Amino acid sequence: MAHVKLVGVMKKYEDKQGGVVAVNDFNLDIDDKEFIILVGPSGCGKTTTLRMVAGLEEITEGEIFIDGKLVNDVQPKDRDIAMVFQNYALYPHMTVFENMAFGLKLRKTPKEEINKQVHEAAKILEIEHLLDRRPKALSGGQRQRVALGRAIVRHPKVFLMDEPLSNLDAKLRVQMRIEISKLHKRLQTTIVYVTHDQTEAMTMGTRIVVMKDGIIQQVDSPQALYDRPVNMFVAGFIGSPQMNFVNVVLEKDGEDVYMLYDKNRIRLVPDKAAAIANTDYIGKEVTMGIRPENFLIEDEDLENFSDAIITANVEVVENLGSEALVYLKSGDTYFTARVKPGVKLIPDEEIKVALDTNKVHIFDKETEAVIVQ
Amino acid sequence: MSLKALRTYACQVAEIAGTDFGVINETGIVLVCSNKDEEGNDRAAAVEAMSVSECSYCRFGDVSYYKVPVSGKTDLFIFLRSKNQSSKKILELAAINIQNIMLSRDEKLDKAGFLNAILADKIPADDVFALAKKLQLDPSAKWIVFLIKTKKEAISGTGEMIRNLFPDRNRNIISEHEGNTVLVRQVRAKENAGNFEENAKSIVDTLNTELMVNAKVSIGAVANDFGEIKRSFAEAKTAQRIGSIFENEKTVVNYEKLGLGRLIYDLPASSSKLFVREVFKKNDLESLGNETLITIQKLFENNLNISETARLLYIHRNTLIYRLEKIKKATGLDLREFDDAVAFKTALLVKRNLDKDDALNNNI
């Protein structure tokens, strides 16, 4: 259990052309026992950051502290960490017990201690009955548990996990997601977890760090990221299907502010209007963002949001059982709406859709930063 | 076999036989004995008599002796303080045991040594097949070379770990050569480059997580038989060198996937410099900024597909086009055009190669 702190951390690959910086000015405080997720698209610097915490990658600038101790020059094996990576391999000729014990043996841990640690970890992972088996006789999930066991037996202060579930099939991934969350609760330890999968991030983390181009975009709880993204990148990355974006022109009419695009005129709710009415954005083009579930098609909703109605053509309806996704085209703009299942919509039909204007986000078109949410 | 191990063995045999058991070297000195007082004693007379005798078993007084031939010559003799009929059988069994232990030790040593001798060109090509067969390796099978680079102090741990990841000794040879750990693995039917890269990634991740050391693995092309192993090793070395220039952030480099780097690596510096000047003119690449350079990288990775690149970068298509316009203004190259993109990409790699040369020269 430990507190991890990164201060102004930067990583530059010296030989990379033009000095492309993989991670830049990374500042983060990870609390003791926190389950923090680094998420972002491929190449955003999340793995490099994790590897710098591990000590497998040298940092170009900045400082990393584990439990208050500066570890910039500390060897990985002396950082009191344990890692679980994507391409783990078990030793094929060793039993589960021997696989879990191998790292401790290398560290010359006494036999009795190894025995104790392995049995403790096996109990936590519920694989005690498998200790005498060889990897060949294990299922994918059981193998994954053994890989976790190898990390647990070290009793580290911090667990570092880099896409540990990527090689599993979809069903097993969901199952192991729950297992790792349960494990975090049982172990009461700090976990830094890297993934490119926003669903994994949203379901597992106590806090999420969204990264892009080596820079932190936002650090917050899953719900806060979903409800209050600070920019278009975070808004688009978190949530599936992703947030819909459309460029609109803001128009002020008395106390009211309207968003105009194509032939549509959408009135902002008073508090959002008040926040933007006296800014330079009036008369200019901005980007409106709205989540799929904030499109409303019920008659009652159309009445309640009568000044936020657009007309759109139904392109495709995907009925998913618990919900339906409706792909709409309004003017030149495509939207995805999430509605109740069993809704009677026919492709090519023109329908009226209301926007829940309490939930719209407005972003600066150039900087992509949020203006109103 | 160490004396300690031999002594333990002698005590075990003595316990079963219920009497003293010992091992003598070819000069007649007792190396180890279950009765420690016997160790160092001279039994040359018995050894000399046995050496000239054709029999493997002899008895002198109340002690029975037995020859232990290892690799065709007699280096060891064993004895049991007993004149019972059963003593011959006990000694025969003990001799077989010792022979097997010695043979397995020699075999282990020889496989790594054999590989090193091949890599150092110390074995004539004509002998490679015969020696491989002798070591129970299939010389006609396909083999592949993995070169594993870790910090110097982690090499012995790396070797041990690789031996455990690839435990079949007749299909995997592991040795240390020129500061690298070398794994030569027999290729299984239907295996391809994807499997080899998976192997390499597993090696890297296991070294990262278990030994907690950074590692890079380069892979040679498949050797069609044992005679081509040296070639596969040289290719893995080339991949390691070229990878360190053009793909330094990658932990796995495959000789068969070096791409343009393979060509550019051999270009002369003078023409390289001319080419870079021609493409970039006086523009300093760093002035484009990190964000722009990442954008370019992603555009190339996605075959100049604007929509796909924008999607992967999580930016609007228009934002990407705006950035590309900025690059065009700065360099005169429109990266949406194939010819310009090829010139830019090639010049980037050539410059990287030149920078590496400069760095090396500076180091010298």
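All values derive from a computational prediction rather than experimental measurement.
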Next item on the list: Check the surroundings of atom CZ in B:R262: do more than 12 heavy atoms from other residues, nucleotides or ligands lie under 6.0 Å from it?
Entry: yes

Notebook entry, point to check: Side chain, backbone, both or neither: which part of A:S42 has a heavy atom under 4.5 Å from chain B?
Noted result: both

Item checked: Among the listed options A:Q242, A:R154, A:R79, the residue most often paired with chain B at heavy-atom distances under 4.5 Å -> A:R154

Next item on the list: Quick one: pull up OG1 in B:T319 and CZ in A:F233 and give me the separation to the nearest 0.5 Å.
Entry: 12.5 Å

Notebook entry, point to check: Sub-3.5 Å donor-acceptor pair from the side chain of B:D205 to the main-chain atoms of A:F85, do we have one?
Noted result: no

Margin query: Between B:V204 and chain A, with a heavy-atom cut-off of 4.5 Å, which part of the residue counts as in contact: side chain, backbone, both or neither?
Written below: neither

Next item on the list: Step through the shown structure and confirm whether more than 12 heavy atoms of other residues, nucleotides or ligands are within 6.0 Å of CD on A:E58.
Entry: no

Item checked: Any donor-acceptor N or O pair under 3.5 Å, side chains B:E210, A:Y91 -> yes

Note to self: I need the A:I81 CD1 to B:M212 CE distance, nearest 0.5 Å.
What the structure shows: 4.5 Å

Check: Given A:K105 and B:E160, is the side chain to side chain contact (heavy atoms under 4.5 Å, CB included) satisfied, shown in steps?
Finding: CA-CA 12 Å; A:K105 268 189 191 167; B:E160 193 181 340; over 6 Å; no

Note to self: Quick one, B:P167 and A:M94 - any side-chain contact, counting heavy atoms below 4.5 Å?
What the structure shows: no

Notebook entry, point to check: Which value, rounded to the nearest 0.5 Å, describes the distance between A:L160 atom CG and B:T209 atom OG1?
Noted result: 11.0 Å

Next item on the list: Identify the residues of residues 180-203 of chain B whose heavy atoms come closer than 4.5 Å to a heavy atom of chain A, ordered by number, or report 'none'.
Entry: B:E198, B:K201, B:S202

Next item on the list: Kindly compute the distance separating NZ (A:K365) from CG (B:N318), expressed to the nearest 0.5 Å.
Entry: 7.0 Å

Next item on the list: Kindly compute the distance separating CG (B:N208) from CG (A:L56), expressed to the nearest 0.5 Å.
Entry: 4.5 Å

Check: Heavy-atom distance under 4.5 Å to chain A: side chain of B:T295, backbone, both or neither?
Finding: neither

Next item on the list: With sequence neighbours left out, write down each residue that passes ring-ring contact (aromatic ring centres under 6.0 Å, His included) with A:F97, or none if nothing qualifies.
Entry: A:H119

Check: More than 12 non-hydrogen atoms from neighbouring residues, nucleotides or ligands closer than 6.0 Å to CG on A:D332, yes or no?
Finding: no

Next item on the list: Among A:R150, A:E57, A:K77, A:E366, single out the residue with the greatest number of heavy-atom pairs under 4.5 Å to chain B.
Entry: A:R150

Checklist line | Engaged part of A:Q75 at the chain B interface, taking heavy atoms whose separation is under 4.5 Å | finding: side chain

Notebook entry, point to check: Would you say the side chain of B:T206 lies within less than 4.5 Å of the side chain of A:Y88, judging by non-hydrogen atoms?
Noted result: no

